[in-house]
Structure formats: structure tokens, C-alpha cells
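A short write-up of the structure that comes next.
The shown structure was predicted, so the numbers you read here are calculated from the model rather than taken from an experiment.
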Amino acid sequence: MPLLEIKSLRIEFPSRHNTAIAVNDVSLSVDEGEILGLVGESGAGKSTIGNAIVQLLSKPGRVVNGEVRLNDELISDLEGEAIRNIRGKRIGFIFQDPMTSLNPLFTIEDQMIETIINCLNVSKSEASKRSIDLLEKVGIPEAEVRIKQYPHQFSGGMRQRVVIAIALSGEPELLIADEPTTALDVSVQDQILKLIKNLCVELKVGCILVTHDMGVIANVTDRVAVLYQGKLVEIGETYQILSNPQHSYTQSLISAVPLSSKKIDRFPLVETIESIESGLTSIDVNTHWLGQSEKHESSDDLLVVKNLNLSFITQDAFFKKNQKRIQATKNVNFTIRQGESFGLVGESGSGKSTIARMISGLQKPDSGSIVYDGVELVNNADKEALQAVNQRLQMIFQNPYSSLNSRMKIQDIIAEPIRYHKLAEKNQIETIVGDLLDHVGLGRKSGVKYTHEFSGGQRQRISIARALACRPRLLICDEPTSALDVSVQAQILNLLKDLQDELGLTMLFISHDLPVIRQMCDRVAIMQRGEILECADTESFFENPQNQYSKELLHLMPKFENLKNRENLNLN
């Protein structure tokens, strides 16, 4: 008897115009101690299935058919207190977006203690001790200090670790992990995946692992299920699916995995069902509005960062000398040449996103200098010069959920910067927005929708389109494809490569995905605890890393063993 059994599940999202079928007749099972991987494009229904199991579907989503059983107990019909007793206690859930699953008004300690007491019925002191132990297990340094802080004081990766700790705190029978390592560097990812795997082996915990990382799938899961447009197209033992995929969509996923062994000019694209059915169109930037921005020679240093320092207060005090602070960046120095892609790699909390926020003007450094195209950005009183820089320097944020206005239609979100900076005539804007939506793979018809109607990966594509709408010279990409499946990731990264070649676009590329860094970047800097440990040409770094931490990152990189055979796959 399986631990979890899903039979003929059908989930619909009705609207005024039509009814979208998110999950269509899906049947799955998970045994005790088994890890089942769920893969598929963004919007395929992976997260929707996880939410339906614990009855957390967003309205107006509804289960119209099927049943869910946990240890042969029907739980899909439970309501109120009955289903609340299942959540946390028997089924732990790691949500895709940690910021929306943590309460910003309470400390991490308050939230963890509440969960542990509710699930395990232990004393407050015991719950506090367990909380600190769990934070240490998921790799949060100085856990006794950091547990007193609020969610906004943590980086994206750190928040993800907190969410994982909370999900494990109730000692559940089943763990649903929705992209649990998306925001984590390879060293912490390895630590978290080992923790989940040990739980499954030692405590017989079942696990549904939703991920787009095929390396993780190959190394961790026992079986894998492939979803496409809400349907289960293939399921089987992990080795069998990865070495001999039968469905064309599965084949396309495997073929699009970025190579870690060598650098290639473009990510391979296969004629998947998506590209055939969606009728995607491309932009000829030589004649399009996007290509009309001023081009520059690639020999100049476009961005120069010198001795950049920033610290955050972790414990305030009346006297400044009694304040406790954490050093986010320490004497950071690097340059980015016009037309190149510069990669920034490091563990979560190392200061990567903080540097991006300082460059974009969202965070003021304690000291140091940031010079963009000859303009000093730190303590510059010339508002007109800074506004011109703001147009030419755009950022794709790590979290598309919080960076998009939920009250605006997509077409207005993308058109807003064009109107603000007066980059086009009014009668051109609608066409430009439609072209951008086509180019990032959403289609111009999606412009009339709101953000809640899109999956996480689709929202990230909207964020990319909005950034491109400013015709930037420097594009700061903070984990731009972390929420995308590998086939869509290949399309987006090829798009960025094309824009870089055709528009002379310069990129600061922040990522923990080392194969992506190898394919995208000309040079790379490795960060740890706010400092740059190593800066080198990308190929030199991958072939001969100099720093011990760099060597460890490359060693821990998830290996997709069947990648070497993908040229032999039948992809017709």
C-alpha cells in the first residue's frame, strides 16, 4: 500500500471567459522512503498538484474529480480543523516562494516555535532548542543570533533554508518540496538534498520533489514523473526515464540541460510541443524598436566597483558601539567591460544580490565607489544624470512574485517604463509590448491578464520583458532563470545571448547554477561571506580553479550522468 495515492486528479480554474484545466486526469503514488520527482515546464501543473494534496489551491481553483489518500485515508474530502491537522503534522510543505510563506511581522523564532508546539506538543524551551538545531542543520550560521531576526533580514537563499527547517519541524510522514533548492548555491543545495534523502531513508518519509533541475533529479530521486500542460506524459524509474525517454517533451527537457563540461555558442533547442503549438515569433532587432538604441564600442569599462562595503544591523542598541552588525560586503572590487557578461557566484548570503541592489541604487553602501559609464552613482546629487542611468541600467529580480504589481495588467506593467522614459510614441507602445511578450514566449494575447494568472516561471518571463522595455545597456540578472524549467531556460538564455550580440548589451549575471554561468559568462567572480575570493576568465575558472572554496563548488555541482548520451537520443 503506497504512502500517498492520487487517483484521476482533475483541477480547473474557471474565469469569466473560459475554464483553464490545470491538471488533467493525473494519477500518482509515493511509497514510504521514496522520492518522486515532478518535472515539467512552468504552468504544467506541478505546484498545483502539491497544493491540491493539502487543499491550498488558490481561488478560484478547484478539484472537480479524483481523490487523494494518505496511508489509505481519504484526505481530499477533509475540511476545516481536520485538514489543518494534516498540514505540518503529517505532510510538510516547502513552498516555492519563501517570502510569501513567512510572516514579516514575526521573528523566525516565533514562527518556528509556533509550528513545533502545534505539531509535536512540546514545551516552549524544547521547541526553541529544536528550532536552533534545525537552522544549524539547514546551514544557517550563527543560528542562535539569526533566529531572533525577521524574514526581511535574510537573503533569498537564507529564507529558503528557514522554510525548509519549518517544513521539517513537524516530523511529517510526507514532504512536498516545491523547488526547495531554487535559490540555493550548490554547497547548500547538496547539504539540503542529503538532509531530505536521509529523512526518507532513515525515517521512511515519502517525498514529492518538484524541480526543474535535471541534475538534482538524476542524483536524488527514485522515480520521476513528467508533466506537460497538466497531463502526465511519462513516469518511471529515474534511470530509465533519463537514459531512454519515450515522450518528445521529456527528450526536449534532457537535450536542453546546460553543459557543465564545455562552453557552447547557443543552448540547444528542440522542436518541443510548446514551440510548435504556441507559434512563437522572433524579433529582428536590426529593424525593430529594440535595435534603435545607441550602440557603443566594447573596449571601455562600463561599470567599475571599488572598495564597496556594506553592513547590516542585526541587533540595534542606543549606543552605536553596542550594535551588532553583519558584514554583507567587504572591500569588493571588480570591473565589467562594455559588451561582456560578468558572472557572480557564491553561497546564499554571500552578498551577491546586495551588490546588485547597490549598483541599481536600491541600497546605499557604507563606503566605496560605483562608476557607471563615467558617472559616480554613490552620493551623487545630480538627479538628472542618475535618472538617465536608471533607464540604461535595469535589473531582473530574483523574486518575480514581489517585483510585479498585482493590480496592473501585464501590458501596462511592460509599457510603464516606456511611457515614463518617453522611449516611444504612444501609437507604437502596444505593438512593442506585444512583440516583447512574443519574444519571451508568453504571446501578445497574455497582455490583458494579471500576474496571479501566471505561474512562477511565466512571471519571470514578464520581468525580463519589462527590463528589456527600457532598452538597457547594462542588464543585472539576479537568478533570472531560477524559476524556469530547462527548455524555457534555454529559450530565455538564448534570447539574452542574442540581445547581447545584437545590441551590445552588457550583463551582470548572478546565479548559483554553475553550468549556466559557464555558458553565459566571459568572466566570473566567486564570493563568500561578502568578499570576492577569485576572479578569472570563465574557462580558466572551470578548468583550473585557484581557491579551495571554488574547487569545492565545482566538486559539489550536481552531475547529470546521462548528458553525455543525449546526442544519441531520438529527438525527432
Side-chain angles (χ1 to χ4, degrees), residues 182-186 189 212-215 255-269 285 298 302-303 334-346 350 352-353 355-356 359 393-398 439-441 457 460-461 463-465 467-468 472-527 532 534-543 545 550 553-554 557-558 560 563:
T182 290
L184 304 181
D185 63 281
V186 290
Q189 174 180 267
H212 62 266
D213 191 325
M214 300 301 283
S255 69
V257 175
L259 286 167
S260 61
S261 57
K262 63 180 180 178
K263 188 167 186 173
I264 55 177
D265 290 334
R266 292 181 64 79
F267 290 86
L269 290 178
V285 294
S298 60
L302 183 63
L303 185 77
F334 63 86
T335 60
I336 303 179
R337 294 186 287 266
Q338 170 64 35
E340 81 167 343
S341 288
F342 186 85
L344 210 52
V345 177
S350 63
K352 306 185 302 296
S353 296
I355 288 174
I359 294 171
L393 190 157
Q394 290 294 308
M395 185 166 174
I396 301 169
F397 293 92
Q398 183 176 357
H439 207 29
V440 298
Q460 192 63 293
R461 289 189 247 181
S463 298
I464 293 171
L468 294 176
R473 285 183 61 199
L474 175 62
L475 194 60
I476 302 173
C477 305
D478 189 2
E479 302 280 6
T481 59
S482 63
L484 305 181
D485 67 276
V486 289
S487 60
V488 177
Q489 173 181 266
Q491 294 176 9
I492 295 300
L493 294 177
N494 279 343
L495 167 62
L496 291 174
K497 276 176 172 276
D498 291 341
L499 288 167
Q500 183 178 24
D501 293 339
E502 294 158 350
L503 302 177
L505 195 65
T506 305
M507 288 192 291
L508 171 57
F509 205 94
I510 298 170
S511 179
H512 63 268
D513 193 327
L514 290 171
V516 168
I517 286 288
R518 185 165 197 172
Q519 302 306 324
M520 291 298 296
C521 298
D522 303 303
R523 290 188 299 137
V524 60
I526 311 302
M527 289 194 71
I532 291 183
E534 181 175 357
C535 186
D537 291 341
T538 304
E539 287 304 291
S540 298
F541 166 74
F542 276 88
E543 295 297 331
S550 302
L553 287 181
L554 292 175
M557 182 170 54
F560 186 27
L563 208 64

Verify side chain to side chain contact (heavy atoms under 4.5 Å, CB included) between Phe509 and Val524, making sure each step is shown before the conclusion.
CA-CA 9 Å; Phe509 205 94; Val524 60; over 6 Å; no

Determine, step by step, whether Phe542 and Leu514 satisfy the side chain to side chain contact (heavy atoms under 4.5 Å, CB included) criterion, reporting the C-alpha distance in whole Å, the side-chain angles of both residues, the deciding distance to 0.1 Å, and the verdict.
CA-CA 9 Å; Phe542 276 88; Leu514 290 171; 4.1 Å; yes

Could you measure the distance from the [atom1] atom of [X] to the [atom2] atom of [Y]? Nearest 0.5 Å is fine.
X      : Y      : atom1 : atom2 : answer
Leu344 : Ile355 : CG    : CD1   : 5.0 Å
Leu302 : Ile336 : CG    : CD1   : 8.0 Å
Leu493 : Met520 : CG    : CE    : 5.0 Å

Hey, which of Ile510, Leu508, Ile476 is the one that makes side chain to side chain contact (heavy atoms under 4.5 Å, CB included) with Met395?
Ile476

Run Asp522 and Arg337 through side chain to side chain contact (heavy atoms under 4.5 Å, CB included) and show every step you take.
CA-CA 10 Å; Asp522 303 303; Arg337 294 186 287 266; over 6 Å; no

Donor-acceptor pair, distance only, cut-off 3.5 Å: does the side chain of [X] make one with the backbone of [Y]?
X      : Y      : result
Thr538 : Arg518 : no
Arg523 : Thr335 : yes
Lys352 : Gly346 : yes
Asp478 : Phe397 : no

How close do [X] and [Y] get, counting heavy atoms only, and between which atoms?
X      : Y      : result
Leu496 : Cys477 : CD1-SG, 4.5 Å
Thr506 : Glu340 : CG2-O, 3.4 Å
Cys521 : Phe342 : SG-C, 4.1 Å
Glu534 : Ser550 : OE1-OG, 2.8 Å
Ser341 : Met507 : OG-CE, 3.2 Å
Pro515 : Asp513 : CD-OD1, 2.9 Å

So, using side-chain contact (heavy atoms from CB on, under 4.5 Å) as the criterion, who are the partners of Ser540 when residues are at least two apart?
Asp537

Using the side-chain contact (heavy atoms from CB on, under 4.5 Å) criterion, which residues pair with Ala467? Sequence neighbours excluded.
Gln394, Ile396, Leu475

Check the pair Phe541, Ile517 against side chain to side chain contact (heavy atoms under 4.5 Å, CB included), reporting the backbone distance first and the verdict last.
CA-CA 11 Å; Phe541 166 74; Ile517 286 288; over 6 Å; no

